[in-house]
Amino acid sequence: MASAAIFRILRATLAVILVLAGLIVLFLMYYKSFPSPKCHPPPAHSGQLAKQANIHSTSVTDKPVMLLWFWPENRRFDFQDCKRFFKIDSCYLTDDRSLFSRAHAVLVFHRAIEDNLSNLPTSPRAKFQRWIWFNMDSPTNTRRIAGIQGLFNLTLSYRKDADIHVRWKLTLKKNTDEDIVLPKKERLLCWIVDINDLHTKSGEGHNYYRELVKHIKVDVFDRSSADFLKGENYFLTISSCKFYLSFEESVHRDYITEAFNGPLAAGTVPIVLGPPRGNYEDFAPGTSFIHVNDFPDAATLAEFLLKLEKDNEAYMKYFNWRRFYTAMHHLTEEKHKFAHAICRACEYVGMNKVYRVVPDLYKWFFL
Ligand SMILES: *[C@@H]1O[C@H](CO)[C@@H](O)[C@H](O)[C@H]1NC(C)=O
Ligand SMILES: *[C@@H]1O[C@H](CO)[C@@H](O)[C@H](O)[C@H]1NC(C)=O
């Protein structure tokens with residue numbers, strides 16, 4: 001009697017366990033098939049995408065698709081250059097707008113947006129799609145276009161606090177024993193700039209230059225000449241000078257451009273004009289450059305440079321950092337002007353899948 005009762009209880013318990021297990025399995029199956037907003041959707045069917053994108057390789061489809069909505073300043077380059085120059089290959093980059101609906105990220109170049117927004121994508125965006133605000137200009141040169149503030153998920157800018165921070169950074173060296181060998185110096189102080197408006201343009205840099213040339217010779221090279229447009233002579237020219245004017249066109253936090261990276265990479269001392277010294281030191285050792293604010297006026301700076309010209313030991317101290325860091329030659333060809341930024345966006349999209357919205361774009365950028 002007792003054993004039959006126990007048997008019945010056991011059977012009932014077993015039935016309950018089985019039903020529960022079944023429910024759990026069903027729930028798990030349902031849950032798995034439901035796309036989580038934090039994850040990328042499964043890769044598109046390769047054949048279909050390959051046909052649409054006119055691509056032959058099927059491997060591209062494992063990667064998130066990033067659509068370049070506008071070619072910035074119409075400077076087109078080969079998307080393979082991301083791999084070639086930066087070893088970045090973590091997204092499928094395309095400018096084919098017909099891939100809009102399946103793009104995981106859409107890169108929108110701010111300056112190309114029409115004031116009436118008529119050239120932005122109009123079709124509804126997929127849940128997983130993120131729009132990237134792409135702007136390498138400083139606030140001085142950025143239009144406030146009405147109505148775009150709530151559109152973006154990510155920011156791409158020179159700003160350190162952008163989601164995608166684009167900059168030619170120094171890299172740590174592995175071997176720190178190498179001797180520092182500088183290129184041969186034939187000139188004292190140089191500047192590559194648009195020569196046409198050299199004597200008329202206003203702005204801190206140009207004003208400072210006009211003061212400086214009263215006290216020291218500056219070799220000026222025309223940026224708009226053919227040699228420089230192709231980018232070939234850029235590093236060669238800078239490396240032939242002891243000092244180079246790394247003057248930014250406008251003064252803003254973090255706005256430190258290739259004008260600074262150029263001489264660092266070439267083996268020349270940058271004379272910087274831009275944000276305060278401390279901001280430069282966020283990106284490079286304080287002993288790698290001379291800041292115009294270190295001197296009360298242009299005459300005193302000129303005097304200091306002329307003194308350094310004759311004191312090689314003191315001059316060489318500006319290169320001690322090269323034992324520990326390397327500055328990369330940035331891309332100087334005109335068509336590559338935005339390649340670094342676009343490739344960095346691709347890298348980011350391939351690695352980072354977090355949900356985000358930019359709450360107030362202008363409040364952040366024009367701060
Ligand atoms: C938007 O502005 C552009 C350029 O000013 C113009 O060509 C276009 O017709 C405008 N579109 C609409 C819908 O108003
Ligand atoms: C992207 O931003 C838009 C607008 O703020 C928002 O509606 C959308 O949910 C965001 N999507 C993702 C995937 O972050």
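Start at 1 and go down the list; that is how both ligands and their atoms are numbered.
Per-residue contacts place Arg130 under 4.0 angstrom from the following atoms of ligand 2 (heavy atoms of the residue considered): 12 (C), 13 (C), 14 (O). When each atom of ligand 2 is checked for a heavy atom of Gly150 under 4.0 Å away, the hits are 4 (C), 5 (O). When each atom of ligand 2 is checked for a heavy atom of Lys127 under 4.0 Å away, the hits are 13 (C). Each of the atoms 1 (C), 11 (N) of ligand 1 lies under 4.0 Å from some heavy atom of Ser118. Close contacts of ligand 2 with Gln129, meaning ligand atoms under 4.0 Å from a residue heavy atom, involve 11 (N), 13 (C).
For the pair Phe109/Phe338, a side-chain contact is recorded, criterion being any heavy-atom separation below 4.5 Å from C-beta on. The side-chain heavy atoms of Glu204 and Tyr209, taken from C-beta on, include no pair separated by under 4.5 Å.
By the criterion of a heavy-atom distance under 4.0 Å, the side chain of Arg125, and not its backbone, is placed next to ligand 2.
Between the side chains of Arg322 and Asn320, not a single donor N or O lies within less than 3.5 Å of an accepting N or O. Side chains of Lys185 and Thr268: a donor on one and an acceptor on the other come within 3.5 Å.
Counting protein heavy atoms only, atom 4 (C) of ligand 1 is closest to Glu114 OE1, 3.3 Å.
Annotation: cation-pi geometry satisfied between Arg344 and Phe86 (NZ/CZ under 6.0 angstrom from ring centroid, within 45° of ring axis).
Remark: side-chain polar atoms of Arg167 are paired, donor with acceptor, to backbone N or O of Asp254 under 3.5 angstrom.
The residue from Asn116, Asn119, Asp115 that puts a heavy atom closest to atom 2 (O) of ligand 1 is Asn116.
Proximity of atom 7 (O) of ligand 1 to the protein is not indicated, since no non-hydrogen protein atom lies closer than 4.0 angstrom.
Of the candidates Phe247, Phe304, Tyr280, Tyr280 is the only one forming a ring pair (Phe, Tyr, Trp, His ring centres under 6.0 Å) with His291.
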